[in-house]
Amino acid sequence: MWMSWFLKGTTCLLQVAARSTPRMPPQRCLSSSLVRVLTKPHTPRFAIPSNYPQGQLWGMSLPISCTRSYKKDTKSILDFSVDPITVTDIKQYLRSKDIPFHDGYSCLHAPSMFLDSAVGVPADTGRESFTMFIDKTTGQFLCKETLVEGSWEDLQDCLEVMQKEGQASLSPHVLLGYPESLEEREEKEQELREVQRIWSSAVPFSDLPDEEAQLVKTMFQISKISNATLKKFAVRLFKPTKSLVFPWFGGRDSSLRGVKLLSAQSMEGGTVAYTEATVPKAGSYHNLFGLPLVGRMDSEVVLTGQEVDTLAVSQATGLPSVALPRGVNTLPPALLPYLEQFKRVTLWLGGDMRSWEASKIFSRKLGLKRCSLVRPGEFQPCPLEALFQGRNLARIVKASIPAAHKSIVSFRQLREDVYGELANTEQVAGVKWTRFPELNRIMKGHRKGELTVFTGPTGSGKTTFISEFALDLCMQGVNTLWGSFEINNVRLAKIMLTQFAMQRLEENLDQYDSWADRFEDLPLYFMTFHGQQNIKAVLDTMQHAVYLYDISHVIIDNLQFMMGQENLSVDKFAVQDHIIGAFRKFATNSSCHVTLIIHPRKEEDDRELQTASIFGTAKASQEADNVLILQEKKLVTCPGRRSLQVAKNRFDGDVGIFPLEFNKASLTFSAPVKGKHKLRKVKGDKGEGSDNEESLGETLKKEETTVKKEKLVKLERPPKATKTPRAVKSPAAGKGTPEGEGKKQP
């Protein structure tokens with residue numbers, strides 16, 4: 001009875017795939033070469049009790065009225081280029097202005113110019129008085145006392161004004177930034193009202209009846225989290241939709257700035273999927289959950305990917321613990337100043353390979369020397385699961401391994417990594433495509449740190465295919481950066497939006513806002529370059545994007561456009577080899593997958609492209625981990641038939657080819673109807689059954705021959721009788737027959 005009573009209150013549904021992460025406000029510190037669109041996908045975790053009804057949603061549906069009107073946001077794109085800044089440049093400038101500073105892990109610490117007694121502080125002053133943090137990579141600064149933040153250019157302007165006016169400090173309001181529009185102010189006020197409404201309606205667990213509190217804990221897998229811990233972290237229950245509410249307290253007065261709501265839905269197979277939504281929008285939600293409970297003297301912290309994991313770590317170990325606002329997807333640089341006080345940071349983001357890879361990437365931002373990583377696998381699940389299983393969390397944290405390694409390692413140091421790859425083969429294989437299952441069978445998945453070379457005939461649809469190829473991954477949470485040098489970003493975004501909606505929006509303009517809002521939630525960014533570009537500028541922009549947005553997939557379309565501004569006296573093939581080598585190095589060092597589109601050499605129309613058909617020397621195919629070729633067989637009577645060939649796969653050696661069908665209405669490629677063609681999977685030697693399978697090229701040749709024969713048979717048939725005498729002569733006579741008819745073809 002109590003179960004049905006509790007379920008009775010759940011009347012609102014939330015789409016599991018939707019996660020509230022709309023547009024981020026314009027920031028002056030963003031690179032001028034980037035345009036953004038962002039999301040945060042969820043990951044199902046934990047097994048649901050078998051006696052719980054399937055299909056029942058425990059969650060939330062925020063009654064927020066969101067209207068969208070068209071406006072051209074000129075503040076998101078800058079027309080001038082921003083020169084890259086180095087930590088050496090920052091230090092030299094601060095010394096030239098007699099600004100004392102300390103060298104931190106990811107930031108420089110300096111006295112804040114926005115406090116009355118900040119300037120003139122001696123260099124040997126204690127670190128606690130240095131409240132301004134300057135990012136070593138971007139130069140962006142933050143004053144933790146006044147919450148004033150800005151770009152490196154803003155900081156330089158402030159110091160110049162102080163020096164010129166002879167002032168000892170500046171008002172925190174000196175950086176006005178861009179004025180908010182009426183729509184933006186109304187939206188912000190509405191969000192604040194919604195935050196207060198949700199928080200005031202939410203109920204502490206200590207005020208719930210025991211049965212109801214235990215039921216909620218069971219559904220959210222926090223049955224071993226005590227009410228005392230939930231009270232300590234101010235976690236509440238939003239009863240109208242049965243959602244957990246995690247507050248965001250911040251600012252000098254520790255006021256309520258936002259909330260995150262966690263919902264759960266039972267899925268087929270006895271699992272439960274969790275869905276999150278944040279107010280305000282995720283682009284403005286920079287909450288390190290648990291930070292207000294960290295003392296000024298604490299020197300160690302455990303960084304988790306979920307709020308519930310922070311609860312588990314704090315209760316089981318007593319150590320300070322905070323949760324990242326977007327889990328394993330990204331570590332915003334804006335949060336780094338709040339983690340500077342810790343001498344040891346243990347990253348325990350989860351128990352899978354994706355969390356492990358994210359831990360290694362985040363440790364570079366935080367400083368390798370102070371970071372330790374909890375290795376994933378059978379013996380180290382995520383913190384909440386470890387607590388549920390009765391594991392000793394303190395021992396697991398203590399056994400974490402250093403993030404920094406020496407230049408030379410032994411197998412003993414690699415042993416656990418090797419075991420992890422063997423025990424998690426599916427996760428190691430990478431992210432799977434949902435629109436191209438045949439690609440999963442050959443390549444197994446999309447992996448970080450690899451270089452993919454993609455080629456195809458001119459006009460065959462390379463850009464259209466690769467945009468859907470990348471969109472598929474982006475929809476699964478792969479942070480993507482597009483560098484389109486052939487077509488402008490508006491046209492590219494139009495193609496991707498059509499592929500996303502799977503329909504022609506020109507004919508359904510009333511649905512545009514709905515689809516555009518969903519598309520805007522994707523972790524998708526565009527470089528603003530167009531036409532010929534210098535490789536250094538492109539690489540600087542890519543590195544900037546990886547640092548700011550944790551980009552894990554970069555598409556470059558295409559290589560030839562980057563060769564225009566290089567030294568013309570150098571051999572063009574040598575220049576191309578240099579560029580390919582630079583992208584290879586970037587992919588490896590940044591743990592980022594780079595997809596590089598290269599035009600092929602000029603080949604005859606009736607010849608299939610090979611790996612050797614890639615323009616330039618053999619370096620492209622040698623450096624690449626994967627080589628994909630979009631084959632096109634041109635036919636006389638119908639559009640060319642396309643197929644995708646995996647010509648190289650360094651991961652496990654499998655190569656193969658499968659047909660594609662193009663849908664002009666949705667601009668999408670897909671595999672043809674099952675049974676029409678066979679997927680050919682080619683290995684180094686002939687495997688069992690290889691004699692019974694025919695290549696796609698042979699299949700297409702046979703079809704083309706069949707089409708030609710059918711056409712010739714048609715031509716050989718006697719034409720219908722007409723009033724024209726020449727048209728009624730028998731073809732057998734061989735006279736009076738139009739040219740090309742009446743002659744028997746072989």
Side-chain angles (χ1 to χ4, degrees), residues 24 26-38 72-85 137-138 151 153 451-455 462-467 469-471 474 478-497 522-568 572 575-576 578-587 589-590 592-599 615-616 620:
M24 185 175 73
Q27 298 183 13
R28 298 172 68 179
C29 59
L30 295 183
S31 168
S32 63
S33 303
L34 295 177
V35 188
R36 65 173 305 273
V37 193
L38 173 67
K72 186 176 180 65
D73 191 355
T74 57
K75 296 177 286 186
S76 299
I77 307 175
L78 306 180
D79 293 329
F80 57 88
S81 61
V82 178
D83 295 329
I85 190 72
T137 303
T138 64
S151 67
E153 289 77 12
L451 174 66
T452 294
V453 170
F454 179 63
T455 191
K462 293 189 296 296
T463 300
T464 304
F465 171 80
I466 211 67
S467 66
F469 174 94
L471 176 65
C474 187
V478 176
N479 298 343
T480 304
L481 176 65
W482 250 100
S484 176
F485 302 92
E486 281 201 43
I487 64 175
N488 60 48
N489 288 327
V490 173
R491 185 179 172 191
L492 176 61
K494 176 186 172 183
I495 293 173
M496 299 186 74
L497 180 59
L522 297 177
L524 183 60
Y525 302 80
F526 300 91
M527 286 186 272
T528 58
F529 297 129
H530 185 66
Q532 298 174 350
Q533 296 295 331
N534 182 279
I535 179 61
K536 185 178 183 302
V538 176
L539 286 173
D540 287 343
T541 303
M542 291 164 55
Q543 194 65 55
H544 184 79
V546 168
Y547 180 77
L548 285 180
Y549 311 121
D550 297 295
I551 296 297
S552 54
H553 186 201
V554 178
I555 303 99
I556 300 296
D557 184 13
N558 62 68
L559 175 66
Q560 279 80 350
F561 272 80
M562 294 186 193
M563 301 172 59
Q565 294 186 2
E566 303 296 337
N567 191 344
L568 297 179
K572 62 180 180 180
V575 173
Q576 177 173 319
H578 166 71
I579 294 175
I580 292 173
F583 282 126
R584 168 75 271 178
K585 183 178 180 181
F586 172 85
N589 294 343
S590 302
C592 178
H593 193 116
V594 177
T595 298
L596 183 60
I597 301 177
I598 305 179
H599 285 307
F615 184 83

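For the numbers below, each heavy atom of this structure counts, side chains included, while hydrogens, waters and symmetry mates do not.
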List the residues meeting side-chain hydrogen bond (donor to acceptor under 3.5 Å, both in side chains) with [X], not counting sequence neighbours, and say none if there are none.
| X | answer |
| --- | --- |
| D550 | T330, K365 |
| T480 | none |
| Q576 | none |
| T463 | D557 |

What's the separation between atom [atom1] in [X] and atom [atom2] in [Y], rounded to the nearest 0.5 Å?
| X | Y | atom1 | atom2 | answer |
| --- | --- | --- | --- | --- |
| N479 | C474 | CG | SG | 7.5 Å |
| I551 | L524 | CD1 | CG | 8.5 Å |
| I535 | I579 | CD1 | CD1 | 5.0 Å |
| I556 | L451 | CD1 | CG | 10.5 Å |
| L522 | L471 | CG | CG | 6.5 Å |

Notebook entry, point to check: Mind checking what makes salt bridge (charged side-chain N to carboxylate O under 4.0 Å, His left out) contact with K585, not counting sequence neighbours?
Noted result: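 Checked K585 against salt bridge (charged side-chain N to carboxylate O under 4.0 Å, His left out); zero matches.
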Check: Is a side-chain N or O of N558 found less than 3.5 angstrom from the main chain of F485, in a donor-acceptor match?
Finding: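 It does not hold such a pair.
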Closest contact, heavy atoms only, [X] versus [Y]:
| X | Y | value |
| --- | --- | --- |
| I598 | A620 | CD1-CB, 4.0 Å |
| C592 | S552 | SG-C, 3.6 Å |
| M527 | N489 | O-ND2, 3.0 Å |
| V546 | F586 | CG2-CZ, 3.7 Å |
| H530 | E486 | CE1-O, 3.2 Å |
| Q543 | S590 | OE1-OG, 3.4 Å |

Test of understanding: with side-chain contact (heavy atoms from CB on, under 4.5 Å), list the residues that count as partners of [X], not counting sequence neighbours.
| X | answer |
| --- | --- |
| D540 | P84, K536 |
| T595 | T452, I466, F469, H553, I555, H593 |
| T137 | D135, Y547 |
| S467 | W482, L492, I495, M496, Q499 |

Checklist line | Residues which pass ring-ring contact (aromatic ring centres under 6.0 Å, His included) with F583, listed by chain and number, not counting sequence neighbours | finding: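 With sequence neighbours excluded, F583 shows a ring-ring contact (aromatic ring centres under 6.0 Å, His included) to no residue whatsoever.
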Margin query: My understanding is that only residues two or more places apart in sequence, or in another chain, count here; which of them pass ring-ring contact (aromatic ring centres under 6.0 Å, His included) with F615?
Written below: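 Partners of F615 under the ring-ring contact (aromatic ring centres under 6.0 Å, His included) test: F573.
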